[in-house]
Structures are given as C-alpha cells and as structure tokens.
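Here the structure comes first, spelled out in structure tokens, and everything after it is commentary.
In this text, all values refer to a predicted model and were calculated from it rather than measured experimentally.
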Amino acid sequence: MTRQNKINWPYEFPGAYWLDDQEESVVLDVLRNGSLFRYYGLGTPKHVDRFEERAREFYGRKYALALNSGTGALITAMAALDVGPGCEVILPAFLWVATVGAVVESNAIPVICEVDDSFSMDPADLEKKITSRTKLIVPIHMAGSPCDMNAILAVAKKHDIPVLEDCAQCNGGEFGGKKVGTFGQIGIFSLQLNKNMTCGEGGLLITDDERLYHKSFAAHDLGMIRKDGRLAPAPDYAQAWGQGRRMTELAGAVAAVQITKLPKILAGLRASKRRIREALKGTKGLGFRRLNDPAGDTGPFLILVLENEAKAVAALTAMKEAGLHNVFHVADYGLHIYSNIPSLVEKTPLSSAGNPWRLAENQESDHDYAKGACPNSDALFARSILLPIPAKLTKEQETQAVEIVKQAVEKA
Ligand SMILES: Cc1ncc(COP(=O)(O)O)c(C=O)c1O
C-alpha cells in the first residue's frame, strides 16, 4: 500500500455520526425552558421521563432508570443486589475497568473467569469459579456481541446466583431473538460517546423486579423513592444512602432521541461489518471471533484471530502503517484486559483501611490478577486484533480496509 492511497478511517463514535436537528431541537427546548434538572425547573422537565418511557418500550422491561453513567449504573445495581464485604463477584477476563471497579467500590472481591473463543465469559470456567461466597455473576457483552446467555443462566440457576448483565458495549444486541439486558435480574447500559447510542455521558438500568427498581432508585438518588417527582419514604427494604447519580435533562433529551435511532444505527454497523467479514473470509491465516448469535451481534467491532502472537503483531503494524490507525492488539487493549489494570493487579485499596482486600470478611477470597491468572484468555488475546467498524463507512472505505487487512495478514 503506497502513501498516497492511505485509508481515511474514521473514529468509532457510532451515535455521534447520527446527531442532527432532532437532538438540537430538544437540547434547545431544555435551555429555553430553564429546566436542566429532571425533577423541577423554570419550566416543566420531561426529557429524562421520556427517555425512560422509550427505554421500557424498547427493551420490554417494566422498569427503566436513567443515570449519569454506566459506571454509576453498575455501582447502583450492585448496591441493589446487596453486594458488599464477604461477597465475590465473577467477571470475564475481557472487560472494562469500570465493571471490576464497581465490585471494588462495593467492598467485594472480583473473581476473574476465562473467556472462550467468543471473547465472552466461558460458562465452564464460570462454574469452576463459583464458591459459597459468590454473590453475583456479571456477564459482559463485550465489543458489540452477546454472551451465551443460555449457558450462563443455566449455571446461575443451578447455583441460585443472580446475574447482572453489563450491556455497555452491546446496546440493542440480542441473543436468540431476546434483547441483551433482559436475561439477568438487572441489565445496565452506558451512553458514553463510544457506545452504539450516546448522550456524551449517561447510563441506564433496566429490570422487571419492583424491589430491585426501588432499591436502585433510592441508591442512585437520595436514599428515598419519589412520587410524582417529589421525595417520598422508601419501603423498608429500599431505604438507602443516595449516590447522586441522576441523569440531567440535557443528557435525557439527547438519549430520548438517540434511542429512536438505535435500530438505524445498528443496521448500518451490522451491514458494514457483514460486508467486511464476508470479503475477508478465506484469507489465509485469518480466523474470526466466534459469535454466540451472529444475528444479535451489533456490529461495531470485528475481532481477527491469527495463528500466533508474532503474526498478530506484524499484521497490526502493517495495518497501522496503511492508515488503519485505531486498531488494537487485544492483549494491549488497555483497561479492557484484566491484567492491564494496575489497581487490580496491585490490589489498590479504596482507603487507608485497606478495603476491600484487607477486610476481615474478605480474607477467604484470595485471588491473583496478574497475567497468567486466566491463561486461555491470555493466549487468545495475544493472537487477536480488534478492528473498530465506524458508523456510516463508505463502500470505498470498506473495500480499502478489506485490502489492507488481507495484505497485512497474508504478509505477516
Ligand atoms: C463494558 C463496559 N462497562 C461499563 C462501562 C462504563 O460506562 P461509562 O463510561 O458510561 O461509565 C463501559 C464504558 O466504556 C464499558 O465498556
């Protein structure tokens, strides 16, 4: 590939490419009405309520709670599910720092389980990691694609352990025709800029369980519930210390529009990814991530699996030289890999009390997080490359990308 035909490869901010005058007009509505807070203002706030209403309909769940971030949604959900000292929470080796951080913030101990060739929680290793202290299982639908929820739920049910689905990277995805986030007791989403739909920063929690909804509501707000927007006493089981994680009207306004565009955004991502993957099929030495449900994949990432680490590194270098700048060696994909998170590997405490690692209640949970803790996952990450598929690619960009990847893999 010569310098002059270097590809112009956009960044992967799916929802941002779809912002238009619809989002503009609702944001102006918030500003003109002076109603930036969801419960009162100079005018009548309505956008966060509207977003939650649309979310209930879109996911088909009884309750939807908008929050200020996906991280906030995780911490709130764990509070609602009673995660605390003495608890272990199982997460996959391919994750995001915020998910494991939410466990630590809850003063519980993260337990990392292997991923299989789908790059999501390996149900067989999940079962091996269960102990009498396991309080929660957190499958993460990573890099756009759903976990095998049948196998994970079978293990969870057998051991009677609740499931919190982290759907931050797979909004709108499905497994067996059912939306991710609707399998576990609670599902959470992030609306940060890199996600399938966005309002810059934001989160969402969905559940069918009224008690969990009340507990989440109280935890995310002021420790009480609200009736018609006014604080009201919580039922005994839900009274809590509030975390101040409400969504703003500005964010809610954008989110309420973006959720109506999500099917269109996903259709574009899926079509691009399908064309690129099809065109790459048959390239010597190239394999792909196994998809648990190809129809339910949301499309923002393609994971390439090579024969060994040296070939993956060589192919990655060639792709970058040809202008595919934002591609990643999965092993070095920052805080998405358990052993790359310094505060996890070093068990950095939350405070000088040494919590959670040094709490008396956690002394039986002794886990190591350095590379080698999940050897099968480490080996898979070492030979894999993650290629983000930006929204609204032109056919020319797709064709160029295919050529670059083919040449890079064949020469590696
Ligand atoms: C898997 C996963 N979980 C949780 C989060 C946290 O979401 P937020 O950035 O909205 O706090 C992210 C964000 O990147 C994520 O990728």
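Take Tyr63 and apply the side-chain contact (heavy atoms from CB on, under 4.5 Å) test, not counting sequence neighbours, and it matches Thr207, Glu210, Tyr213. With sequence neighbours excluded, the residues forming a side-chain contact (heavy atoms from CB on, under 4.5 Å) with Thr298 are Cys170, Asn196, Leu266, Arg270, Pro300, listed by chain and number. Under the salt bridge (Lys or Arg N to Asp or Glu O under 4.0 Å) criterion, Asp49 pairs with Arg38, sequence neighbours left out. Here Val402 pairs with Ile276, Ala279, Leu280, Lys406 under the side-chain contact (heavy atoms from CB on, under 4.5 Å) rule; sequence neighbours left out. Shown here are the side chain to side chain donor-acceptor pair (under 3.5 Å) partners of Ser25, two or more places apart in sequence or in another chain: there are none. Remark: Asn376 engages Glu114 in a side-chain contact (heavy atoms from CB on, under 4.5 Å) (not counting sequence neighbours). In this structure Asp368 satisfies the side chain to side chain donor-acceptor pair (under 3.5 Å) test with no other residue, sequence neighbours excluded. The side chain to side chain donor-acceptor pair (under 3.5 Å) check on Lys158 picks up Glu127, with sequence neighbours excluded. Shown here are the side chain to side chain donor-acceptor pair (under 3.5 Å) partners of Arg61, two or more places apart in sequence or in another chain: Asp208.
Listed by first and then second residue, the side chain to side chain donor-acceptor pair (under 3.5 Å) pairs that reach into residues 301-314 are Glu307-Lys311, sequence neighbours excluded. Within the structure, side chain to side chain donor-acceptor pair (under 3.5 Å) contacts touching residues 380-389 (residues at least two apart or in different chains) do not occur.
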Output a table of donor-acceptor pairs, distance under 3.5 Å, between side-chain atoms of residues 93-106 and any protein atom two or more places apart or on a different chain; print 'none' if there are none.
{"residue": "Thr99", "atom": "OG1", "partner": "Trp96", "partner atom": "O", "Å": "3.4"}
{"residue": "Thr99", "atom": "OG1", "partner": "Asp166", "partner atom": "OD2", "Å": "2.9"}
{"residue": "Ser106", "atom": "OG", "partner": "Ala102", "partner atom": "O", "Å": "2.7"}

Would you sort out whether Asn33 and Thr44 count as a side-chain hydrogen bond (donor to acceptor under 3.5 Å, both in side chains), showing the intermediate values?
-> CA-CA 7 Å; Asn33 283 304; Thr44 309; over 6 Å; no

Do Asp29 and Lys46 pass the salt bridge (charged side-chain N to carboxylate O under 4.0 Å, His left out) test, and can you show the C-alpha distance, the side-chain angles, and the key distance before you say yes or no?
-> CA-CA 10 Å; Asp29 177 67; Lys46 55 182 171 295; 3.0 Å; yes

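For the pair Leu67 and Thr76, the minimum side-chain heavy-atom distance is below 4.5 Å.
Here the rule is side-chain contact (heavy atoms from CB on, under 4.5 Å) with Pro110, and of Val138, Leu344, Ile341 only Leu344 fits it.
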